[in-house]
J.: 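Pasting in a structure now, in structure tokens, and then I'll have a few things to ask.
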2 protein chains.
Amino acid sequence: MNEVIVGGMRFALDLSQPLYEQVLDQVRSSIAKGEIALGEKIPSVREMAQALKINPNTVMRAYQELERDGLTETRRGQGTFITTDAEKVRLIRYRLAEEAVDEFLAKLGSLGFTPSEVAAILRSKGGEA
Amino acid sequence: MNEVIVGGMRFALDLSQPLYEQVLDQVRSSIAKGEIALGEKIPSVREMAQALKINPNTVMRAYQELERDGLTETRRGQGTFITTDAEKVRLIRYRLAEEAVDEFLAKLGSLGFTPSEVAAILRSKGGEA
DNA sequence: TTAAGTGTATTATATCACTTAATACACTAA
DNA sequence: TTAGTGTATTAAGTGATATAATACACTTAA
């Protein structure tokens, strides 16, 4: 398994993807799902790095991207905090969903599947869709 | 644009992805869509490389992966040909679709979307879904 | 037999993204 | 003052990707 729980978030890092992306995705996912309360402090760069056994610079890269997205606010000397703007979280969550949908439809389209065929596949997988 | 047509396939290479993957995806897509007839010969490694202005080794890597997937058959001294096994093409096409669906559902799930919400987003995008 | 065109293999080199390491600085709170 | 924050810098290493230059085995057709 190799799972680590830090700041209420579950990490299972592997080598299939850049580490900073995995950290970024996990934190973003926790925010989007509302598993972390707005305004809450997330683990410091050093604490996260030590817990995940990766370099602080790698954690920094993930944290900086979160701030660029507006999902976190960093306060020098204090730490990194989830934004208190619920609307911002909602918008980013929906934007990420749209990107995933577009990418998905493009990929299925490149395989020659029509929209109704896509719907049929989805029904056979995810329950009702 | 920077589009190139080779062997009836349209290529628009960029730097967002490995070149060999882009070549692989394009050829595979053409096969899956039936834009290339079964048993048909595709451009030689050297011809493709010259047309796309990339290294023959890079084309080779894409062609070898196609053969490993069973989508092509290579005949030393003759060239690379699309498989004549329609069932094999059908299976691989569906396998790729399933992979895309699983990845898509996982990503939306990590953002906290329920299956019905996913369906709603799809309806608002791709027509009916 | 020869020549041209196939797939294939090898070796070397270069570049880039990613990651680590070590260190230092600015700021905040106790 | 001290410990814990975010942040910046410089150096180094690794692996994937891509190119370059050659060479070899095979097939086809002249």
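These numbers were taken from a predicted model, which means no experiment stands behind them. So that the names make sense, note that chain A is the first sequence line, chain B the second, and so on, each numbered from 1.
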J.: Kindly point out which of D:dT17, C:dT8, C:dT20 is positioned nearest to the side chain of A:L19?
T.: C:dT20
J.: Test: ring pair (Phe, Tyr, Trp, His ring centres under 6.0 Å). Region: residues 64-120 of chain A. Which pairs qualify, not counting sequence neighbours?
T.: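 The answer is A:F104-B:F104.
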J.: Pair up each side-chain donor or acceptor in residues 37-52 of chain B with any protein partner under 3.5 Å, not counting sequence neighbours, and list the distances.
T.:
{"residue": "B:E40", "atom": "OE1", "partner": "B:A37", "partner atom": "N", "Å": "3.2"}
{"residue": "B:S44", "atom": "OG", "partner": "B:E47", "partner atom": "N", "Å": "3.0"}

J.: So, using side-chain contact (heavy atoms from CB on, under 4.5 Å) as the criterion, who are the partners of B:T74 when residues are at least two apart?
T.: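 Residues passing side-chain contact (heavy atoms from CB on, under 4.5 Å) with B:T74: B:E67, B:T80.
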J.: Please give, in whole Å, the distance from D:dA20 P to B:Q50 CD?
T.: 13 Å
J.: Tell me every residue that passes salt bridge (Lys or Arg N to Asp or Glu O under 4.0 Å) with A:E35, counting only those two or more places apart in sequence or in another chain.
T.: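 Listed in chain order: nothing, the list is empty.
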J.: May I ask you to evaluate whether A:S44 reaches the phosphate of D:dG4, defined as a side-chain N or O under 4.0 Å from OP1 or OP2?
T.: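 Result: no.
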J.: Using whole Å, what does the distance between atom P of nucleotide D:dT5 and atom CZ of A:F81 come to?
T.: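 After rounding, the gap between these two atoms is 10 Å.
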J.: Each nucleotide in nucleotides 24-30 of chain C should get exactly one letter: B, S or -. Can you fill that in based on protein heavy atoms under 4.0 Å?
T.: B-BBSS-
J.: Rounded to the nearest Å, what distance is computed from the CD atom of residue A:E73 to the C1' atom of nucleotide D:dG6?
T.: 14 Å
J.: Specify the residue among A:E21 and B:E67 whose closest nucleotide of DNA chain C lies further upstream toward the 5′ end.
T.: B:E67
J.: Are any of A:T74's side-chain N or O atoms less than 4.0 Å away from OP1 or OP2 of D:dT5?
T.: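 Answer no for this pair, as no side-chain N or O of A:T74 is under 4.0 Å from OP1 or OP2.
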J.: Starting from C1' on C:dC18, measure out to CG on A:L13 and report it in whole angstrom.
T.: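 One finds 14 Å between C1' of C:dC18 and CG of A:L13, rounded.
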J.: I'd like a table of donor-acceptor pairs (distance under 3.5 Å, sequence neighbours excluded) in which one partner is a side-chain atom from residues 5-18 of chain A, with atom names and distances.
T.:
{"residue": "A:R10", "atom": "NE", "partner": "A:E3", "partner atom": "OE1", "Å": "3.2"}
{"residue": "A:R10", "atom": "NE", "partner": "A:E3", "partner atom": "OE2", "Å": "3.2"}
{"residue": "A:R10", "atom": "NH2", "partner": "A:E3", "partner atom": "OE2", "Å": "2.8"}
{"residue": "A:D14", "atom": "OD1", "partner": "A:S16", "partner atom": "N", "Å": "2.7"}
{"residue": "A:D14", "atom": "OD1", "partner": "A:S16", "partner atom": "OG", "Å": "2.4"}
{"residue": "A:Q17", "atom": "NE2", "partner": "A:E21", "partner atom": "OE1", "Å": "3.2"}

J.: Check whether any side-chain N or O of B:T80 sits under 4.0 Å from OP1 or OP2 of C:dG7, and answer yes or no.
T.: yes
J.: For residues 52-61 of chain B, which residues have at least one heavy atom under 4.0 Å from DNA chain C?
T.: B:N57, B:M60
J.: Side chains of B:V27 and B:L66, heavy atoms from C-beta outward: is any pair under 4.5 Å?
T.: yes
J.: Determine: side-chain N/O of B:Y63 to OP1/OP2 of C:dG7, distance under 4.0 Å, yes or no.
T.: no
J.: Answer yes when B:R90 and B:E87 have at least one side-chain N-carboxylate O distance shorter than 4.0 Å, and no when they do not.
T.: yes
J.: Could I get the full list of side-chain contact (heavy atoms from CB on, under 4.5 Å) partners for B:R61, not counting sequence neighbours?
T.: B:Y20
J.: Watson-Crick or G-U wobble partner for D:dA30, using a 3.5 Å limit on both distances?
T.: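 Across any shown strand, D:dA30 pairs with C:dT1.
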J.: What is the distance from CG of B:L15 to C1' of C:dC16, rounded to the nearest Å?
T.: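 These atoms are roughly 11 Å apart.
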J.: Given D:dT7, D:dG6, C:dA9, identify the nucleotide with an atom nearest to the side chain of B:Q64.
T.: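 The closest nucleotide is C:dA9.
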J.: Using side chain to side chain donor-acceptor pair (under 3.5 Å) as the criterion, list what pairs up with A:R76, not counting sequence neighbours.
T.: none
